[in-house]
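A short worksheet on the structure shown next.
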Amino acid sequence: MEKYILPKKQAIIVFFVFAYGYFLSCLLRAITATLSPVLTSEFNLLSADLGLLAGGYFLGFACMQIPLGYLLDKYGPKKIVSSFLLIALVGTGSFALAESFSGLLISRILIGIGVSACLMAPLTGYRIWYAENQQQRANSWMLMIASLGFLSSTLPVQLLLPSFGWRWIFGGITILILISIILMLVFIPKWNLIKRGQLEEPTNKGTLSEVWKNRFFISVIPMGLFNYGGLMAIQTLWAGPWMTRVAGYTPLQSATGLFWINVTMLVSFFVWGYFLPKISSIGFSATKILRLGLPISFCIMLTIIILGSKAGAFYLTLFILSSIFLSVTQPAVGLAFSGYSAGKALTSFNLLIFAGTFIMQWLMGFVIDITKSFGYSEITAFKSAFSVFLVLSLVSYLFFLLMNKK
């Protein structure tokens, strides 16, 4: 597939339009952490119910990743992301009107399906529209936008709750999604800008089996499921309950803690995105960055487990910050394949991340409930859940090292 490098001004506009859609996606992804106290109270949710509700987003998201890869490669980002956002619009509207747990869950799944293209569409587009040395930077800055979405789901949402309530907040998000659809249709280039339709069909279209048989891709499968998935599960859900139920924070203090966690991540991804091309140019490959960087996050998670109730927002921030090294995995997967397979490779890895997030959100809630059922304290239950995550992450890391030892 031939590249069509966008002029600088158009490239900037395309980035910000995609970023706005991805901002809404991440706002919706993490909002359950802030709303968990009010939803738990209003619908009498258990920890496993809360984990399932938050994970419903990731279930819908993950289910769409494989077909999404084919759709993006064939029809391009513009048609696919704008069409999918219509489903998200329905999901947020139905969530605002839901009267039962099942209504909330179905709406969360629809939201997950609807926003499932909000990162993969731009990454597929960047693969063709941006120069190769700018793709990791664009990826890191999209993750910066993710942090802005997570940030907006914390203290701002908590401050709006008393005045508007969670239903009206979702109604407002529905309007914001409609604006995003309009911007996508107006500003995102058509896929036929790539000199594709005028050429003969390529002999190498890229297959899904090519992606899943690739040695590097195999090496990051457990890491995507457990390291990345567990990180997202904590950042988008369990960090909030840890602060309120283990560290003794009030809901407002917890929302404030989540706010500063995401402020830190926003700044970190901006700086990381700026310096990453420079770091790569001096010989630090994605494999080397992961090998050297991930043990830091393991040590911090172990410290959180040991400290228990003494580990508040500061330690959770350190853990999430130290996990920034995982961000190099996704663009590395994309660059490991030809342009014909880029969409399939990126969406396949995204499937792992979001399936992993669904699994880890539910699993950690299940471990909390089962530990408490044996008579142990809330603190012990949460420490057990975080310990399961740490063990799975360590095993995944060792598998990655074994597969890439040469």
Side-chain angles (χ1 to χ4, degrees), residues 30 33 36 47 51 54-55 58 143 146-147 150 154 220-249 254 257-258 260-265 268-269 272 289-329 352-354 356-368 370-371 376-401:
S36 60
S47 294
F58 299 99
L143 295 177
S147 296
F150 297 153
T154 57
V220 298
I221 288 175
M223 191 176 291
L225 285 171
F226 302 118
N227 294 60
Y228 224 134
L231 167 67
M232 297 299 296
I234 291 172
Q235 186 175 6
T236 60
L237 178 61
W238 292 116
W242 174 280
M243 286 187 280
T244 55
R245 293 156 64 178
V246 176
Y249 285 29
S254 174
L258 290 169
W260 287 111
I261 285 173
N262 289 298
V263 166
T264 303
M265 292 308 298
S268 300
F269 275 122
W272 183 244
I289 290 171
L290 289 167
R291 183 187 300 123
L292 298 176
L294 283 184
I296 301 172
S297 67
F298 301 151
C299 292
I300 296 173
M301 176 50 65
L302 180 61
T303 302
I304 290 172
I305 294 167
I306 293 171
L307 290 177
S309 60
K310 296 179 181 178
F314 174 75
Y315 287 95
L316 291 170
T317 303
L318 282 182
F319 166 69
I320 294 171
L321 179 61
S322 65
S323 301
I324 198 171
F325 303 106
L326 281 168
S327 68
V328 304
T329 316
L352 295 173
I353 294 174
F354 286 92
T357 306
F358 170 73
I359 291 167
M360 294 304 295
Q361 283 190 334
W362 172 82
L363 178 62
M364 292 174 77
F366 177 76
V367 171
I368 291 167
I370 211 77
T371 305
Y376 292 98
S377 67
E378 188 111 57
I379 295 174
T380 302
F382 270 83
K383 289 171 73 171
S384 299
F386 278 38
S387 296
V388 169
F389 161 62
L390 178 58
V391 170
L392 290 172
S393 296
L394 282 168
V395 172
S396 303
Y397 172 72
L398 292 174
F399 177 78
F400 173 79
L401 294 184

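The figures here come from the full heavy-atom set of this structure, side chains too, leaving out hydrogens, waters and symmetry mates.
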Taking all non-hydrogen atoms of both residues into account, name the closest pair between Gly308 and Lys383 and its distance. CA-CD, 4.2 Å
Kindly indicate whether the side chain of Phe325, heavy atoms from C-beta on, has any atom under 4.5 Å from the side chain of Ile296. yes
To the nearest 0.5 Å, what is the distance between OG on Ser323 and CD on Gln235? 9.0 Å
Name all residues meeting the ring pair (Phe, Tyr, Trp, His ring centres under 6.0 Å) criterion together with Tyr315; count only those two or more places apart in sequence or in a different chain, and write none if there are none. none
For Trp238 together with Phe389, are the ring centres under 6.0 Å from each other? no
Any luck finding a side-chain donor-acceptor pair between Ser36 and Arg245 under 3.5 Å? no
I need the minimum non-hydrogen distance between Leu352 and Val220, along with the two atoms involved. CD1-O, 4.4 Å
If you look at every heavy atom in Ala385 and Ile368, which pair is closest and at what distance? CB-CG1, 3.9 Å
Counting only N and O atoms by type, is there a donor-acceptor contact under 3.5 Å from the side chain of Trp242 to the main-chain atoms of Ala311? yes
Beyond-backbone contact of Phe400 with Asn227, side-chain heavy atoms, under 4.5 angstrom: no
Check: Ala381 main-chain N/O paired with Thr371 side-chain donor or acceptor under 3.5 Å: no
Is the backbone N or O of Ala313 less than 3.5 Å from a side-chain atom of Tyr249, with the two atoms forming a donor-acceptor pair by type? yes
Reported CE-to-OG distance for the pair Met243 and Ser309, which is rounded to 0.5 angstrom: 14.5 Å
State, to 0.1 Å, how close Ser297 and Phe319 come at their nearest heavy-atom pair, and which atoms those are. O-CD1, 3.6 Å
Residue pair Phe58 / Ile359, side-chain heavy-atom distance below 4.5 Å: no
Just so I know, are the side chains of Arg291 and Leu401 near enough to count as touching, which here means a heavy-atom distance under 4.5 Å? yes
To the nearest 0.5 angstrom, please state how far the CG atom of Leu394 sits from the CZ atom of Phe298. 5.0 Å
I need the Leu231 CG to Ile324 CD1 distance, nearest 0.5 Å. 10.5 Å
Looking at Phe366, I'd like to know if its CZ atom is crowded, meaning that more than 12 non-hydrogen atoms belonging to other residues, nucleotides or ligands lie closer than 6.0 Å. no
Check: Leu392 and Leu363 side chains under 4.5 Å, non-hydrogen atoms: yes
Rounded distance (nearest 0.5 Å) linking atom CG of Leu326 with atom CD1 of Ile320: 12.0 Å
Would you name the heavy atoms of Gln361 and Met232 that are closest together and state the gap between them? NE2-O, 4.4 Å
First locate atom CG of Leu237, then atom OG1 of Thr357, and finally report the distance between them rounded to the nearest 0.5 Å. 11.0 Å
Determine the minimum heavy-atom distance between Pro295 and Leu290, stating which atoms define it. CD-O, 4.2 Å
